[in-house]
Amino acid sequence: MANSFTRVMSGRNTAVMLASIGAGTLASGYLLSDSTAAAERKRLYPPSADFPDLRKHNNCMAAALTPTIYGSLRDKTTPNNWTLDQCIQTGVDNPGHPFIKTVGMVAGDEESYEVFSELFDPVIKDRHNGYDPRTMKHPTDLDASKITSGMFDERYVLSTRVRTGRSIRGLSLPPACTRSERREVERVVVTALAGLKGDLAGRYYSLGEMSDREQQQLIDDHFLFDKPVSPLLTAAGMARDWPDARGIWHNNEKNFLVWINEEDHTRIISMEKGGNMKRVFERFCRGLKQVEHLIQERGWEFMWNERLGYILTCPSNLGTGLRAGVHIRLPLLSRDPRFKKILDNLRLQKRGTGGVDTAATGDTVDISNLDRLGRSEVELVQLVVDGVNYLIECEKRLERGQDIKIPSPIPQFRK
Amino acid sequence: VSTPNVIMPFGNTHNKLKMNYSAEQEYPDLSQHNNHMAKVLTPEMYANLRDKETSSGFTLDDVIQTGVDNPGHPFIMTVGCVAGDEETYEVFKDLLDPVIEDRHGGYKPSDKHKTDLNPDNLQGGDDLDPNYVLSSRVRTGRSIRGFCLPPHCSRGERRAIENLSIESLDALDGDLKGKYYALKNMTEEEQQQLIDDHFLFDKPVSPLLLASGMARDWPDGRGIWHNDNKTFLVWVNEEDHLRVISMQKGGNMREVFNRFCTGLTKIESLFKERGHEFMWNEHLGYVLTCPSNLGTGLRAGVHVKLPNLSKHEKFGEILKRLRLQKRGTGGVDTAAVGGVFDISNADRLGFSEVELVQMVVDGVNLLVDMEKRLEAGESIDDMMPEQK
């Protein structure tokens, strides 16, 4: 074994010798003879040497990544020089949980989804219920007028919220962007938001520059986001250079909010107390369209294509990137053993009121759509409306001592 | 749409996209920062260095990312930069030379560093009073020439380093004979034993380390080797390729240093037999990931009881003059418990290993004498040392 190592390593000795003489010359030499160094590295470290150890892993990336796929993708880069290893680093570093299946990879730019489609496509399929980007098209529909019965019983629904993300085409995504690109995202978006009027008029608070008072106000309003601590995010490099070019914009009425350069270029949120989902969604769509129009005036657009819908950093947010939800009190139903099955069949998800990974406090739960890709925004919001109305019906029936039924599962698309 | 990948994976600091923007647009906001990198990196320097890279593709932004992401503390001055390979110190010398000078007491680019691992050159050191000195320890790091360093290495390289280390360490014999425990393969029992022995290292949580990319792919390629006597320990692929530690209870620093030198010298020759050497040059001494560990990379220290002296108003001044540093007994960034301090050399570069251990031996002897005086209710004013 010693001999094979000596043989394998000896090829580097020349480079090493040169390095100890004068690395300046070596650096420029390298840039002139890219292919020699590259060939050398490939010879010393074939893909099998670099293939990650995923035996203890439980995420979508680990389930899909084979040595063959790795071998064929390892040496490719997107035009921005983003690599497969950079996409999957977060999934290698975070093996996952036996019960929660995380995605385990991110995109560094729009092209990642194409250059590394051999891995992204099966991951997308796994995460999005069999959606096949090669054969299927994603519908986009932001016409809020189509929503029916979008007003919830406010004895149960305490607040209503719709969020999504948008990426600015031509600029790298948060795992990959340079400081300039991030600052450019901030500039483009803040300029556009400054053009919003009427009930959407508002102002921007840069994370690095806000006063203590502004910070406290944003905390009290539950608007402030902080540097990510989740290793899922930090391992993907999204927290670099914090808090440079990060900030929060909200309208004066405090029901339309934009996060800049957190996990995505932008996260857009429409929310209010009470149960008027139709109005929340209407403002959401209106705000989104206006922002899109404002950036287009300046020659920018959102990342979107008909295979994947809106392009975001995490494959789990492709398509609509939409999570429409309510904080709702369901004291009886939430304790009923059929609750989970009812939610599953309605294609709904429950979370604690602190958001993903938190536990429910008291009887209040956060209920939202499970799906993101393969159904339009209108379809998903309608699904939430119908589903939440059903849950409220169940709660009322239980209050009256009546029995409830598990609804039949909403058909998922399958290829 | 795809182009051949000739570079190492971590971070998109390798991309050339930034060259589409001016240096001013890319320059990091260091206005809240207090670390060596931030003090030194001017916009002009950034502009001059930002298009350079080492032959393995390590860039300026890679060097400084940890310093950008960790502004520092008003009282503690962190380094704020790391090396990704041996060449980093050459390609980015415009940045790293002043950082090194600032961190290592005025060490100039033209200075030469002396390496002395001959334990016979140490005077005394075998009789630090065990009533006060609870334990003695010497550690350093070593990097294997030809491989990228932990912030930058690929999985293949890291595994190659591990395999090479296992082979070499397996060949140690006598009182250095021992065994390797790979972090990802150890049994529950082995893990508990290593914890009880205070040998186990865990995935770094410090943002200083995480931001530089050293924790990637954890625990792949990481492990702990120790001798059967549990007095000689090697960490593989934590913050450096190798961290080598000699330690034992009591005050016989001489014996600890003896074993340290013998072990290191043996390990070095075992690596050489396999065609590898340690990264070393006559200006920087041993080359390690963090500029703070250049030179000897050596921290020689004791856990010592100084309940009275530590409360004396001149304690800090005394340590400074002796070129010593205090830490809590949990290591760097911990507090002292029960009057027991970790006292070690403050310097790494510009003094040889023997010189640094000598400073610790002489210094600790003086501290213990002072402690005894104060215990007896006497003054220590006549014992104040000169600045070394």
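Naming: A, B, ... by sequence-line order, numbering from 1 per chain.
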Pick from B:Ser31, B:Pro71, B:Pro28, B:Ser22: which one has the most heavy-atom pairs with chain A under 4.5 Å?
B:Pro28
Quick check on the interface: out of B:Thr88, B:Asp69, B:Asp29, B:Val68, who has the most heavy-atom pairs with chain A under 4.5 Å?
B:Asp69
Looking only at heavy atoms, what is the nearest atom pair of [X] and [Y], with distance?
X       : Y        : value
A:Asp53 : B:Arg159 : N-NH2, 3.5 Å
A:Tyr45 : B:Ala160 : OH-CB, 4.3 Å
A:Asp50 : B:Glu157 : OD1-N, 4.4 Å

Point-to-point distance, once rounded to the nearest 0.5 Å, from [atom1] of [X] to [atom2] of [Y]:
X       : Y        : atom1 : atom2 : result
A:Gln89 : B:Arg155 : CD    : CZ    : 6.0 Å
B:Tyr21 : A:Arg179 : OH    : CZ    : 13.0 Å
B:Tyr27 : A:Asp244 : OH    : CG    : 12.0 Å

Give a yes or no on this: more than 12 heavy atoms of other residues, nucleotides or ligands lie within 6.0 Å of atom CZ of A:Arg134.
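Above 12, so yes.
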Using modelled atom types and a 3.5 Å cut-off, is there a donor and acceptor pairing between side-chain atoms of B:Glu26 and backbone atoms of A:Ser180?
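Here the side-chain-to-backbone pair exists.
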Side chain, backbone, both or neither of [X] within contact of chain B (heavy atoms, under 4.5 Å):
X        : value
A:Ala245 : neither
A:Leu54  : neither
A:Ser48  : backbone
A:Leu73  : neither
A:Arg182 : neither

Can you check side-chain contact (heavy atoms from CB on, under 4.5 Å) on B:Gln65 and A:Asp241, steps first, answer last?
CA-CA 7 Å; B:Gln65 192 66 54; A:Asp241 314 312; 2.9 Å; yes
By a 4.5 Å heavy-atom criterion (distance strictly below it), what part of B:Lys203 contacts chain A: side chain, backbone, both, or neither?
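Contact with chain A is through the side chain of B:Lys203 alone.
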Which atoms of B:Gln32 are under 4.5 Å from chain A, going by heavy atoms: the side chain, the backbone, both sets, or neither?
neither
Pair A:Glu181, B:Lys18 - check side-chain contact (heavy atoms from CB on, under 4.5 Å), show working.
CA-CA 8 Å; A:Glu181 288 189 293; B:Lys18 63 169 72 77; over 6 Å; no
